[in-house]
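Some notes on the structure that comes next.
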Amino acid sequence: MTLKDQIDETKLPKHLAVIMDGNGRWAKKQGLFRSIGHESGTKAVREIVEACAEFPIPYLTLYAFSTENWNRPKLEVQTLMKLLVSSLKKEIDTLMENNIKLNAIGNLEALPRKAHTELLGVMERTESNTRMTLTLALSYGSREEITKTIKEISLKVKNNLISPSNIDESVINNHLYTRDLPDVDLLIRTSGEQRISNFLLWQIAYAELYFTETLWPDYRKDHLFEAILNYQNRERRFGKTSEQLNP
Ligand code: IPE
Ligand code: IPE
Ligand code: MG
């Protein structure tokens, strides 16, 4: 039986998020430039998007560029932005054919104009697609997102549009970049690092975390199936006892 056959399709994560890490180390291991690692990472993106669309897993969110990544060498940042533009151009047809909606979260205004325009164009064209929502986290940082949210809510309080006593979790949710997405069920990070790096801090409150040594450019469908099988063998208790869940 293949790994995929072992997966229980009734217990799939609804929202899968991935911290795609290890492109640089993958390249370095082979004496290649880091940019080759990033380029090779796009193959893994295609595989994982395809696998999720096949099930389907309705929400897939990929961490592609963090607010902190702006501090990388200028040339690397440029390479990543160029790669974003070329990937968007290359993948638009596949997104349409597979009925996938492209969404983005983060401080998108900080992106170079060309990348920003291309991104908005693809988002607009795929807007009515319904099979799956693919969200790219670009110039994304959870602290930036939460700060922005607090500012927006404060302004509404100041203008008497909302009273502080009415601020609850759903009000906060509705001001986040992820307002249209459900909570994350499974978060995968590749490359052996076991940290969150400012990704979806609010949204992963009850996510299952899965860390793997595989470097992102080597990540293939079977790696994802392994992670999903592992996820399906966990008991998500959400604060309750095991006995309550299995009376
Ligand atoms: C992930 O790979 C891609 C981005 C963060 C943009 P890295 O570039 O972080 O690769 P490592 O961690 O240096 O190996
Ligand atoms: C996290 O990876 C950001 C992305 C995958 C886009 P990093 O490689 O930037 O994370 P740190 O800085 O090592 O934690
Ligand atoms: Mg890294």
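Just so you know, these numbers use all the heavy atoms, side chains as well, and skip hydrogens, waters and symmetry mates. Atoms within each ligand, like the ligands themselves, are counted from 1 in listed order.
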> When you check the side-chain N and O atoms of Ser170 and Asn173, is any donor under 3.5 Å from an acceptor?
Replying inline: no

> Got an N/O contact under 3.5 Å between Ser66 and ligand 2?
Replying inline: no

> How does Ala64 reach ligand 2, if at all, at less than 4.0 Å between non-hydrogen atoms: by side chain, backbone, both, or neither?
Replying inline: backbone

>> Does Arg113 form a salt bridge (charged side-chain N to carboxylate O under 4.0 Å, His left out) with Glu118? I'd like the steps, not just the answer.
In response: CA-CA 9 Å; Arg113 204 159 50 95; Glu118 193 66 38; over 6 Å; no

> If you measure only the distance, is there a donor-acceptor pair under 3.5 Å linking the side chains of Glu235 and Asn246?
Replying inline: yes

> Which residue, Lys151, Glu152, Glu145, Lys156, forms the side-chain hydrogen bond (donor to acceptor under 3.5 Å, both in side chains) with His175?
Replying inline: Lys156

> Side chain, backbone, both or neither: which part of Phe199 has a heavy atom under 4.0 Å from ligand 2?
Replying inline: neither

> Would one find an N, O or S atom of Asp21, in either backbone or side chain, under 2.8 Å from the Mg ion (ligand 3)?
Replying inline: yes

> Quick one: nearest non-hydrogen protein atom to atom 3 (C) of ligand 1, plus distance?
Replying inline: Asn23 ND2, 3.6 Å

>> I need the Thr94 OG1 to Ile100 CD1 distance, nearest 0.5 Å.
In response: 8.0 Å

>> Among all the protein's non-hydrogen atoms, which is closest to atom 7 (P) of ligand 1, and how far away is it?
In response: Asp21 OD1, 3.6 Å

> At a 4.0 Å threshold, what atoms of ligand 1 neighbour a non-hydrogen atom of His38?
Replying inline: 3 (C), 8 (O)

>> Measuring from non-hydrogen atoms of Gly22 to any atom of ligand 1, is the shortest distance under 4.0 Å?
In response: yes

> Out of Arg25, Glu193, Arg189, who gets a non-hydrogen atom closest to atom 2 (O) of ligand 2?
Replying inline: Arg189

> So, do Trp202 and Glu169 sit near enough that their side-chain heavy atoms are less than 4.5 Å apart?
Replying inline: yes

> Under 3.5 Å, N or O to N or O, is Tyr63 touching ligand 2 that way?
Replying inline: no

>> Are the side chains of Tyr231 and Asp185 in contact, using a 4.5 Å heavy-atom criterion?
In response: yes

> Out of Glu68, Arg195, Arg72, whose heavy atom sits nearest atom 13 (O) of ligand 2?
Replying inline: Arg195

> Which atoms from ligand 2 have a heavy atom of Ile19 less than 4.0 Å away?
Replying inline: 5 (C)

> Would you call the rings of Tyr59 and His15 parallel, tilted or perpendicular if under 30° counts as parallel and over 60° as perpendicular?
Replying inline: tilted

> Given side chains that start at C-beta, do those of Val122 and Leu95 come closer than 4.5 Å, heavy atoms only?
Replying inline: yes

> If we ignore angles and hydrogens, is there a donor and acceptor under 3.5 Å between the side chains of Trp70 and Ser139?
Replying inline: yes

>> With respect to Leu80, determine whether any N or O atom, backbone or side chain, lies less than 3.5 Å from an N or O atom of ligand 1.
In response: no

> Does the protein put a heavy atom under 4.0 Å from atom 11 (P) of ligand 2?
Replying inline: yes

>> Suppose we measure from atom 5 (C) of ligand 2 to each protein heavy atom; which comes out shortest, and what is that distance?
In response: Met20 O, 3.4 Å

> Trp26 to ligand 1: N or O pair under 3.5 Å?
Replying inline: no

>> To the nearest 0.5 Å, what is the distance between CG on Leu138 and OG on Ser66?
In response: 10.5 Å

>> Among all the protein's non-hydrogen atoms, which is closest to atom 9 (O) of ligand 2, and how far away is it?
In response: Asn69 ND2, 2.9 Å

>> Using a 4.0 Å heavy-atom cut-off, which part of Lys28 comes near ligand 1: side chain, backbone, both, or neither?
In response: neither

> Taking C-beta and beyond as the side chain, do Ile188 and Ile19 meet within less than 4.5 Å on heavy atoms?
Replying inline: no

> Short list, please: which atoms of ligand 2 are under 4.0 Å from a heavy atom of Phe65?
Replying inline: 6 (C)

